[in-house]
Amino acid sequence: MQKMLIEGGHKLNGNVRISGAKNSAVALLPAAILADSEVVLEGLPIISDVGILADLLEEIGGTVTWDGDRTVHIHPERMISMPLPNGKVKKLRASYYFMGAMLGKFKQSVIGLPGGCHLGPRPIDQHIKGFEALGAEVTNEQGAIYLRAKELVGARIYLDVVSVGATINIMLAAVKAKGTTIIENAAKEPEIIDVATLLTNMGAKIKGVGTDIIRIEGVSTLNGCRHTIIPDRIEAGTYAIAAAGAGREVIIDNVIPQHLESLLAKLREMDVTVEQSDEQLYIAPKKILKSVDIKTLVYPGFPTDLQQPFTSLLTQATGTAVVTDTIYSARTKHIDELRRMNAMIKTEGGSAIVTGPVQLEAARVKASDLRAGAALVIAGLMAKGVTEVTGLDHIDRGYEHMTDKLLKLGANVWREDLTSEEKTQLHNT
Ligand code: EPU
């Protein structure tokens with residue numbers, strides 16, 4: 001177990017390269033189950049979630065070989081509908097994509113209820129509604145979801161809540177179903193388009209991705225293919241926020257700026273200079289940042305995954321900002337930690353009210369989830385003194401080599417092993 005130490009006050013300057021999208025990767029890997037021959041995924045991020053999903057593909061009989069760190073060759077030919085009620089499947093939320101993929105391929109699956117970040121209730125009722133509409137019988141037996149279908153038949157499915165996970169999971173289950181499936185009120189995130197691109201390359205017939213109505217004509221077989229993942233818009237957004245709060249001139253490489261329009265608009269409102277080209281962003285803050293309110297919404301609205309990092313930035317802005325997360329109202333665990341660093345944040349009626357600018361002070365803080373971790377690292381870059389962040393397992397789930405990338409940008413950041421006393425303290429909190 002380690003902690004990250006960040007000596008604040010060193011301005012970020014230079015280039016950072018963005019990795020493949022975590023939230024695509026975690027769906028693309030299970031999607032490979034649906035193919036009958038080799039699937040090659042290129043540009044995967046080096047994060048622990050990817051490693052766990054690759055292990056799960058092997059647990060069900062697949063052969064997974066790495067060609068370097070980022071390209072994986074998956075042979076699904078020998079996969080079986082092996083039950084995965086416990087173990088690694090519980091470590092991450094995205095293991096729920098094994099439900100849709102295994103149901104689509106084998107007409108049955110048993111998957112333990114997924115883990116992931118604790119952001120308040122994270123139901124999967126819309127996934128289940130979709131599977132049932134396609135003809136599956138779904139039961140919850142001792143914390144594992146059992147899915148069984150004689151056959152899967154296309155259906156019209158209206159999502160009561162716009163959900164990334166449910167949209168992808170229903171696509172996975174429907175691509176080999178008989179007839180036509182229509183997903184109404186579908187989510188439109190770029191990661192969904194990426195998964196649909198992989199499935200289409202495998203031979204699936206999918207129309208309308210990126211709109212709120214997706215139409216799938218079932219096919220009987222899917223072939224292997226080669227696919228390159230999209231860049232991680234949330235990682236890019238995190239570095240853009242860090243640059244706005246603690247940077248001089250930062251260039252972010254390997255990014256699709258259109259995927260970040262809502263964030264870039266907010267940064268411009270704050271008076272940050274933002275320039276964009278095809279695959280690059282240039283971020284340069286002015287001396288004084290203006291406060292702005294944010295409200296998270298489904299894509300293309302402001303992403304919930306950037307709400308916590310953005311809250312750290314707002315502590316440096318002049319005025320009062322209201323932060324409202326309409327997707328995960330309980331995604332607030334970073335707030336107490338930021339307060340320990342001298343941030344002025346009140347919570348009122350489900351929103352956080354951030355007053356700034358304040359000089360953040362270094363403290364010992366704990367990342368309770370992935371994006372809270374990013375928020376605390378950004379706060380550390382802006383703080384006076386050396387901030388210690390624990391809970392790095394969360395950060396490592398979703399950010400590739402964050403310490404190295406920040407070092408390259410000129411930050412003074414390093415990792416140290418926890419002492420046994422610190423381990424005990426952490427365990428007790
Ligand atoms: N919801 C339901 N029922 C469902 C599914 C979702 O009520 O069956 C609700 C959720 O509780 C939430 C909203 O609908 O309030 C949206 O949830 P969604 O299903 O879109 O989230 P998800 O698929 O579980 C993905 C990302 C999250 C990201 C959200 C929102 C993955 C593996 N996770 O989660 O990413 O916050 O979409 O964009 O793709 C992260 O990367 O840090 C992260 C948590």
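Whatever order the structure lists them in is the order used to number ligands and atoms, beginning at 1.
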**Request:** Below 4.0 angstrom from a heavy atom of V161, which ligand 1 atoms are there? Numbered from 1 as shown, please.
**Result:** 7 (O), 9 (C), 14 (O)
**Request:** Could you tell me whether the side chain of Q126 and the main chain of D160 form a donor-acceptor pair under 3.5 Å?
**Result:** yes
**Request:** Mark up the atoms of ligand 1 that fall under 4.0 Å of a heavy atom belonging to V164, in ascending order.
**Result:** 18 (P), 19 (O), 20 (O), 23 (O), 37 (O)
**Asked** Going by the atom numbers of ligand 1, which of them fall below 4.0 Å from some non-hydrogen atom of R93?
**Response** 24 (O)
**Request:** Examine the proximity of ligand 1 to T304 and report which part, side chain or backbone, both or neither, has a heavy atom under 4.0 Å away.
**Result:** side chain
**Per-atom contacts, ligand 1 versus I124 - under 4.0 Å to a heavy atom** = 4 (C), 8 (O)
**Message:** K22 vs E191, test: salt bridge (charged side-chain N to carboxylate O under 4.0 Å, His left out). Steps then yes/no.
**Reply:** CA-CA 9 Å; K22 162 188 164 274; E191 294 75 21; over 6 Å; no
**Message:** Can you name the atoms of ligand 1, numbered from 1 with element, that are less than 4.0 Å from a heavy atom of G165?
**Reply:** 19 (O), 23 (O)
**Asked** Does I234 reach ligand 1, in the sense of a heavy atom lying below 4.0 Å from it?
**Response** no
**Request:** Using a strict cut-off of 4.0 Å, indicate which atoms of ligand 1 neighbour a heavy atom of L370.
**Result:** 42 (O)
**Fill in**
Nearest heavy atom to atom 40 (C) of ligand 1, choosing from D305, T296, D325, I192, belongs to D305
**Prompt:** Is it true that a side-chain atom of R93 and a backbone atom of R122 form a donor plus acceptor pair closer than 3.5 Å?
**Reply:** yes
**Prompt:** Is K22 touching ligand 1 with its side chain, its backbone, both, or neither, if touching means heavy atoms under 4.0 Å apart?
**Reply:** side chain
**Message:** Heavy atom to atom 1 (N) of ligand 1, shortest distance: which of A374, P303, P123 holds it?
**Reply:** P123
**Flag, side chain of K3 to backbone of L392, donor-acceptor distance under 3.5 Å** = no
**Asked** Does an N or O from R331, backbone or side chain, lie closer than 3.5 Å to an N or O of ligand 1?
**Response** yes
**Request:** Go through K91 and S48 one step at a time and tell me if the side-chain hydrogen bond (donor to acceptor under 3.5 Å, both in side chains) criterion holds.
**Result:** CA-CA 10 Å; K91 286 204 170 163; S48 58; over 6 Å; no
**Any Y299 heavy atom less than 4.0 Å to ligand 1** = no
**Item:** Steps toward side-chain contact (heavy atoms from CB on, under 4.5 Å) verdict (F98, V89)
**Value:** CA-CA 9 Å; F98 275 69; V89 85; 5.5 Å; no
**Message:** Geometry only, no angles: is I327 polar-contacting ligand 1 at N/O separations under 3.5 Å?
**Reply:** yes
**Prompt:** What do the steps show when you test E337 against K366 for salt bridge (charged side-chain N to carboxylate O under 4.0 Å, His left out), and what is the final call?
**Reply:** CA-CA 7 Å; E337 301 302 276; K366 184 177 166 187; over 6 Å; no
**Item:** CA sep, side-chain torsions, deciding dist, call: D417, K423, salt bridge (charged side-chain N to carboxylate O under 4.0 Å, His left out)
**Value:** CA-CA 10 Å; D417 289 336; K423 277 186 203 160; over 6 Å; no
**Asked** E151 side chain to K178 main-chain N or O, any donor-acceptor pair under 3.5 Å?
**Response** no
**Item:** Atoms of ligand 1 close to Q126 [distance to a heavy atom under 4.0 angstrom, numbered from 1]
**Value:** 3 (N), 4 (C), 8 (O)
**Message:** For a salt bridge (charged side-chain N to carboxylate O under 4.0 Å, His left out) check, start with the C-alpha distance between R70 and E400, then their side-chain angles and the critical distance, and finish with the verdict.
**Reply:** CA-CA 11 Å; R70 304 178 186 283; E400 176 182 321; 2.5 Å; yes
**Message:** Tell me the contacting part of R371 for ligand 1: side chain, backbone, both, or neither, using a 4.0 Å heavy-atom threshold, strictly below.
**Reply:** side chain
**Request:** Scan side-chain atoms only and decide if T304 and D325 contain a donor-acceptor pair under the 3.5 Å cut-off.
**Result:** yes
**Distance-only N or O hit between ligand 1 and S163, under 3.5 Å** = yes
**Prompt:** A187: heavy atom below 4.0 Å from ligand 1, yes or no?
**Reply:** no
